[in-house]
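Right, one structure below, let's go through it.
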Amino acid sequence: MRIALACLSLVALVGCTALQPVEVVRVDGLSGLTIGRGGIGGELALVVNNPNPVAIAAESVDVEFAISGTPVGQVQLPYAQSIPKGPNQVLRLSVQAEATALLSVLEGNLLQFIKGEEVEVSVKGEVKGSALGIAVGIPVDSKQNMKIQL
């Protein structure tokens, strides 16, 4: 009995340390962007490297979406997804920006939007998931310049 418990404890301990950090390589911008009275909606793709021998099940997202440093909305996990092992795996997220926050961004950057100039779009937070019953956190911190034309 003691031997079985010791082996099980050892396997659990090795399993906890065996999971390597998952890295977000880049954010592939917004696609399917819609702007309306309800705000901005679209899809965001995270390109992720999963060095682990097992897939990571994405369970929740706590990520903030900002334009030119102004938080405008939240990022959500639109459906259950798994991040397979290997480089350049894609995790698709949905973005919904609030109309009031969007209005303040439009006021501050109207000329840039009209001219088709780039504005800074950032996403920051964490994707939470699990593998083999072990919690995994994937930090997301990306800034990029994008053209958002009206």
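Fair warning: this is a prediction, and the values are worked out from it, not measured in the lab.
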I'd like to know if Leu77 and Val75 are part of one continuous hydrophobic network [Ile/Leu/Val/Met/Phe/Trp/Tyr, side-chain heavy atoms within less than 4.5 Å]. yes

For Ser82 and Ala55 the tightest heavy-atom approach is OG-CB, 3.3 Å

Of all heavy-atom pairs linking Lys85 and Gln89, the shortest is O-NE2, 3.4 Å

Any side-chain heavy atom of Val90 sitting closer than 4.5 Å to one from Arg92? yes

Should Ile138 and Val136 count as side-chain neighbours, where that means a heavy-atom distance under 4.5 Å? yes

Any heavy-atom pair between the side chains of Val61 and Gln76 that's under 4.5 Å? no

Run through Asp28, Ile83, Val27 and flag the one making a side chain to side chain contact (heavy atoms under 4.5 Å, CB included) with Leu46. Val27

Measuring from Glu120:CD to Ile67:CD1, what's the distance to the nearest 0.5 Å? 10.5 Å

Those residues that, when tested against Glu59, pass side-chain hydrogen bond (donor to acceptor under 3.5 Å, both in side chains) (two or more places apart): Ser130

Distance col, row Asp141:CG vs Lys124:NZ, nearest 0.5 angstrom, shows 4.5 Å

Testing the basics here: between Ser122 and Lys143, what is the closest heavy-atom pair and its distance to 0.1 Å? CB-CG, 3.6 Å

Linked, directly or transitively: Val140 and Val47 (ILVMFWY side chains, under 4.5 Å): no

Tell me whether Asn50 contacts the main-chain N or O of Val22 through its side chain, where contact means a donor paired with an acceptor under 3.5 Å. no

With no hydrogens and no angle check, is any side-chain donor or acceptor of Asn49 less than 3.5 Å from a backbone partner on Asn88? yes

Within the structure provided, determine whether Phe65 and Leu44 are in side-chain contact (heavy-atom separation under 4.5 Å). no

Considering residues at least two apart in sequence or located in another chain, which fulfil the side-chain contact (heavy atoms from CB on, under 4.5 Å) criterion with Pro78? Gln81, Ser94

Is there a side-chain contact between Gln74 and Glu64 in this structure, where contact means two heavy atoms from C-beta onward sitting under 4.5 Å apart? yes

Any idea which heavy atoms bring Leu91 and Ala58 closest together, and the distance? CD1-CB, 4.0 Å

